[in-house]
Amino acid sequence: MDLYTHASVYLDAFQDDMRQNFHLISNAEYGDRRFPLYGVLQIEETATLLQRNGKSAISYEFCYFDVCPQLTSDAVDLYCGILNDMAARYVPWTERSHSFSMLSMVVLVDSAPDKALIKQIRKYKHEEKKKKPEDGYGWCSARLCIVDMNTGTCYTNRHGSALGNRVKLTTRRIALG
């Protein structure tokens, strides 16, 4: 099975798994790039302990999926750069109700990355916390997850481990199907 046919199976499965909670967009544009799938989730927390100044706190997840025919150091840098840019474009820092935003990138590849790329993936970090009205409110964290479609193995940065665990649920379902 060629890379894009194989990736299509994965992307369909991710859409099925995410459809209940995420607003999904196929062929989403970001800058000059087009991604096969994008999902956004907004959660309003109304529990008293999570409220801010008597108002509910709102959390977000922004998630892009891509297929990469050749994962290189430059490609990993590109994905990390997009995640960094997402923090500036998507995180609603000025909203007093903003609790946190998760910025996620899931990249489907046809083979396991080499040791140097795994180290580069694990080393990537983007986390911001803002506490002052002039700076903004809440925090954000970027999660990078590279999926070897042949084995279902996920390679993540530290903040991406929870995303990797969620992605593994889909990859296991594909392997069993």
Side-chain angles (χ1 to χ4, degrees), residues 10-68 74-108 120-147 154-171:
Y10 273 82
L11 291 168
D12 288 346
F14 285 123
Q15 285 186 63
D16 289 344
D17 290 349
M18 295 174 70
R19 186 169 282 121
Q20 180 178 344
N21 300 312
F22 283 76
H23 172 70
L24 298 173
I25 300 169
S26 297
N27 294 313
E29 291 183 26
Y30 186 86
D32 61 348
R33 298 274 325 253
R34 189 174 288 276
F35 290 89
L37 182 61
Y38 167 69
V40 63
L41 170 68
Q42 179 177 328
I43 300 171
E44 185 173 3
E45 300 287 349
T46 56
T48 307
L49 292 174
L50 297 173
Q51 289 184 349
R52 295 231 166 124
N53 300 324
K55 297 182 180 180
S56 59
I58 300 176
S59 304
Y60 303 87
E61 182 172 357
F62 306 96
C63 186
Y64 280 98
F65 289 81
D66 200 16
V67 179
C68 185
D74 288 343
V76 172
D77 283 343
L78 175 73
Y79 291 122
C80 294
I82 291 169
L83 285 165
N84 293 341
D85 188 55
M86 286 169 63
R89 290 182 189 230
Y90 288 177
V91 177
W93 294 114
T94 58
E95 292 182 21
R96 292 182 62 83
S97 62
H98 177 248
S99 179
F100 70 86
S101 293
M102 299 302 290
L103 312 171
S104 303
M105 178 72 68
V106 178
V107 181
L108 305 174
Q120 183 182 1
I121 293 162
R122 287 187 179 146
K123 202 170 146 181
Y124 170 66
K125 181 179 179 181
H126 182 102
E127 185 170 29
E128 294 180 65
K129 296 178 184 177
K130 300 190 178 192
K131 297 178 182 178
K132 299 177 186 173
E134 62 270 15
D135 295 335
Y137 301 93
W139 60 273
C140 82
S141 185
R143 308 183 308 176
L144 178 62
C145 179
I146 308 297
V147 181
C154 296
Y155 303 89
T156 67
N157 65 334
R158 187 174 74 80
H159 291 292
S161 61
L163 174 63
N165 290 335
R166 187 168 70 184
V167 165
K168 284 178 190 175
L169 296 175
T170 302
T171 61

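These numbers come from the heavy atoms of this one structure, side chains and all, not from hydrogens, waters or symmetry mates.
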For a ring-ring contact (aromatic ring centres under 6.0 Å, His included) with H98, tell me which candidate from Y90, Y137, W139, W93 qualifies.
W93

Of all heavy-atom pairs between G160 and R143, which one has the smallest distance, and what is that distance?
CA-CB, 3.7 Å

Parallel under 30°, tilted from 30 to 60°, perpendicular over 60°: which one fits the rings of F62 and Y60?
parallel

Does the side chain of V91 come within less than 4.5 Å of L103's, by heavy atoms?
yes

Should E44 and S97 be marked as a side chain to side chain contact (heavy atoms under 4.5 Å, CB included) after you check the CA-CA gap, both sets of side-chain angles, and the distance that decides it?
CA-CA 9 Å; E44 185 173 3; S97 62; over 6 Å; no

Non-hydrogen side-chain atoms of F65 and M18 separated by less than 4.5 Å:
yes

For Y30, does the six-membered ring have the charged nitrogen or CZ of R89 within the cation-pi criterion, i.e. under 6.0 angstrom from the centroid and within 45° of the normal?
yes

As a quick check of understanding, evaluate side chain to side chain contact (heavy atoms under 4.5 Å, CB included) for I82 and F35, giving each step before the final call.
CA-CA 12 Å; I82 291 169; F35 290 89; 3.7 Å; yes

Are I58 and S99 packed together at the side-chain level, in the sense that at least one heavy-atom pair is separated by less than 4.5 angstrom?
no

Side chain to side chain contact (heavy atoms under 4.5 Å, CB included) with L37: which of F14, F22, Y64?
F14

Is a donor on one side and an acceptor on the other found under 3.5 Å between the side chain of H159 and the backbone of A142?
no

Would you indicate whether the side-chain heavy atoms of L108 and L11 approach each other to under 4.5 Å?
yes

Indicate yes or no: at least one non-hydrogen side-chain atom of Y124 is less than 4.5 angstrom from one of L83.
yes

If I take atom CG from residue N21 and atom CD from residue Q42, how far apart are they, to the nearest 0.5 angstrom?
13.0 Å

I'd like to know whether C140 forms a side chain to side chain contact (heavy atoms under 4.5 Å, CB included) with H126, so could you lay out the CA-CA distance, the side-chain angles of the two residues, the decisive distance to 0.1 Å, and finally the verdict.
CA-CA 8 Å; C140 82; H126 182 102; 4.2 Å; yes

